[in-house]
Every structure is written in structure tokens, then in C-alpha cells.
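One structure is given below, encoded as C-alpha cells.
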Amino acid sequence: MPTLISGISGVRGIINDGFDPDVVTRYTIAFGRMVGGGKIVIAQDTRPSGKMFKDVVESVLQSIGCDVIDCDVCPTPTAQLMVEKLDANGGIIVTASHNPIEWNALKFVGKGGLFLDAEQHAELMRFLETPVEKLEKWDVVGDLTRQHDAIRQHIEDVLALKLVDAELVKRRRPKVVVDAINGAGSKALPGFLTALGCEVIRMNCDHDGNFVHTPEPTPANLTDLMARVREEKADLGLATDPDADRLAVIDENGEPLVEEYTLVLAAYHALRHAEKADGKVLVTNLSTTMALDDLAARYGRKVLRTPVGEIHVARQMQKQPTLIGGEGNGGVILPECHLGRDSLVGAGLILTLLAETGQSMREIADELPRYQMVKDKISIGTADAKKILADLAEEYKSETPNLEDGVKITWSDRWVHFRASNTEPIIRVFAEAKDEATASQLVQDFKAIIEKLL
Ligand code: MG
């Protein structure tokens, strides 16, 4: 069956079996009309189908009068930053992020460099559904300019951050193994780390779209990187996903810190440097580790929670002074740079922390609050996920569950979060506790409860 998934994060599908040049054309016209023409930034990851789809996007945009700025292959955060810096009306990134190689997708960026929010996405859908009879208002073909230095500008911006100290890092000269899965971070991340003063060992940094392992940067997919860190006696390993917004950290023993701790480490660095009375909060999504709340509490700070998805975190970060934000999947957002998950920013903060403390990655990690997360799913067949979640919320009313994104029940030292999948007949369940046995038990207990509700 052809696979095409359209949602707030963009439109993705299996190449030429759901996601094809026709789909790309229709979405691109809708987006170009929605933003009212003008300058639009385009980028792609390294997937072999990337250039073909990028060419479609660019031609279509030009045909409706938009001026295209082509950043070529670069990380998603680089493209977001360029939309902001060039004051473009929007951006389209051709990337299926962590999805396998047979997938591709369009991610839409609004003016200012943030992804589309629910309102903007609804507007895009309205344009998509409105047939275009004539394009007469758009009968002037737009320009195409190539932006060759997008990655360099991005690197310079991250190096200039107050929380990133290249002088300090240079003195310690940490040895870092980088696994960029031959994706869009293959030049940007090692280039940044070299400029920061690290000794960089490149692994899967060939920039050719050869996804040598499953692209999601989770521990199960990073065993080669772990081995290489041990072999090279490196100080740490860093891995990104194919569009380099997410970052995973491996310690000096080749042990993964799991993606949840990328944000916790970056937040630790930001908290150590924050002015006491600045009143700034931290922002993350409902599924991110509680370690962040415990750590923030040590510094007298609060964590605000949002529905899952970068745009929800970014929008919340605009509402009050925020120290740092991000998502537990390895996405660090530092407002001084831009409001998007950025693996270069994450790496800059973590390497500066390492240099500043003089400790090893493991020693630093051991000082952080520790939790274990268990992720599972429950098949619900033809049952109505919404109804099951509503029944569950009713049954646990006394625990005042959070209903902003599925159902989340939080106790002082553990939580459980249920979300319905948009694409499969399943409910995802995440649980976290001080130890794995307790988290697993929590999942098992609630699975039994949900099965009864079916
Ligand atoms: Mg990604």
C-alpha cells in the first residue's frame, strides 16, 4: 500500500510509493502561495533521492514566482537558521530525518525559522485543498541563488555563543569520534568540532547518504560507534540522525548516555552559568526525562512541559524568558542561537562543560539525577484510541493526569505517558522511574489496564 503521512511536522512517505514528484509539487505550490511568495530557503539531507526532490521543489517555487535560496545539503538547523538570518518568508527542507533510506519528506519552516505550528499547518492544508485554477498572479519566474556558506555561518554562530568556549576546549583538546551516518551533519558536525578545538575522528562522515546502520541515533544502532570510542580511547562519541538536529552522546567507556541525557547535559552546562535572579525557566516535552526537573530544582528553576514536537517546545520558549529547551530525543534548543533543535549547539555546550569541569563524560553523567525509561506499545486493533485514553483519564482522575498530549500521569518519582499513534492502530506507552524494574512494572500494569478497557 502506498505510504504518505501528512502532519504538522510535514509530509513524508515511501519514495515513489506514496511520496512522489506529484505530491511534492502540490505541497510546494500550497506552501509557496501560503507564505505569499518572496524568498524561500531550500535544503536537503544526503539521501540519494534528495536532489531529485529538491529540484522539483525549486522549479515549482520558481514557477509560481518565489525566489529560491538553495543551501544544498546541510543540517535542518542550518536551514532554519538561514531562514531567520536571510529574513526569508519560509523554508522547505527535503529530509525524512531518522526514517530509513526508502523514505523522503518535506519539512516546512515558517518566517523566523520555526517549523509550522498547528494554525499555520491548518492554513497550509487549506491551500492544499484549494484547487489552483490559474497561476496568473505568479506568472513571473523567480530567481535561484546558491548559498554556499550556510554551514560556515552556522558554525560561526555557534562558536560565538557565550556558553561555548573554544579557548577552553582547545586547551583540553578532547578526542571525539563522530558518527554522522553519512548524513547532512557529515561536514557540519566534524567541521564545528575541529573549529572548537577537538581532535576529531570521522566515522560515517562521507556525506553520501549511505546509511550504514538504522538511522535513528539510539543505543541499539550505535554499537559500532561505541566500539570505536573504546578502540580509539576517545573522550566521547557523538552521533546525529540524517538531518543532524538530534545528537546522542557515548561516554569514554563506550557506554551510551541515551539520548535523554543530551538535553540534561546541555541544561546542566546552561544552569551552571545562569544568573541566579534571571527568572528563566526550562522547556521540554511531556515525554522527556524527569532528570531535567530534578536538575533544574537543584538550581531553583522550573521546567515547563509541552506536547511532543519541536514546534510546541519552541512556541512555549517564546512565551517567557527561557534558559534552554529541547526534547529528550537528543534535541537541544538554545534561544541565544535559534529556536530549533541543533546538534552543533548541543555538542558545543557539552564539550565546553567537559573542558570546564576537567571531568570525564562518565564522571559528569554520574553527578546527574538518574532515571530509567521504558518505551512500549499496545495494539488496539479496531478500538478507538481516543475513547480508550478518555476512559483511562477518567479512571485516574484523582491523580490529575495531564491531557495536553494523550494522557500523562506523574507521581513524585515516576510517570507514565500514553499517546495514540497517528499512523498505526497502537497506543504508545512511555514510563520512567528511578530503576528499570519499576519502570517496566509500571508499563506492564498499565498495559493490563488498557487491555481491560479495550
Ligand atoms: Mg532529525
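Whatever order the structure lists them in is the order used to number ligands and atoms, beginning at 1.
Among the atoms of Thr95, no N, O or S atom is found under 2.8 Å from the Mg ion (ligand 1).
Results of the salt bridge (Lys or Arg N to Asp or Glu O under 4.0 Å) test with Glu310 over Arg246, Arg315, Arg341 single out Arg341 as the only residue that passes.
With hydrogens and angles left out, the side-chain atoms of Thr25 and Asp22 include no donor and acceptor closer than 3.5 Å.
Closest approach between the Mg ion (ligand 1) and any N/O/S atom of Asp241 involves OD2.
A distance of 6.0 Å or more separates the ring centres of Phe115 and Phe108. Phe127 has its ring centre no less than 6.0 Å from the ring centre of Phe31.
Take the Mg ion (ligand 1) as the corner point: the lines to OD1 of Asp243 and to OD1 of Asp245 open at 90°, to the nearest 10 degrees.
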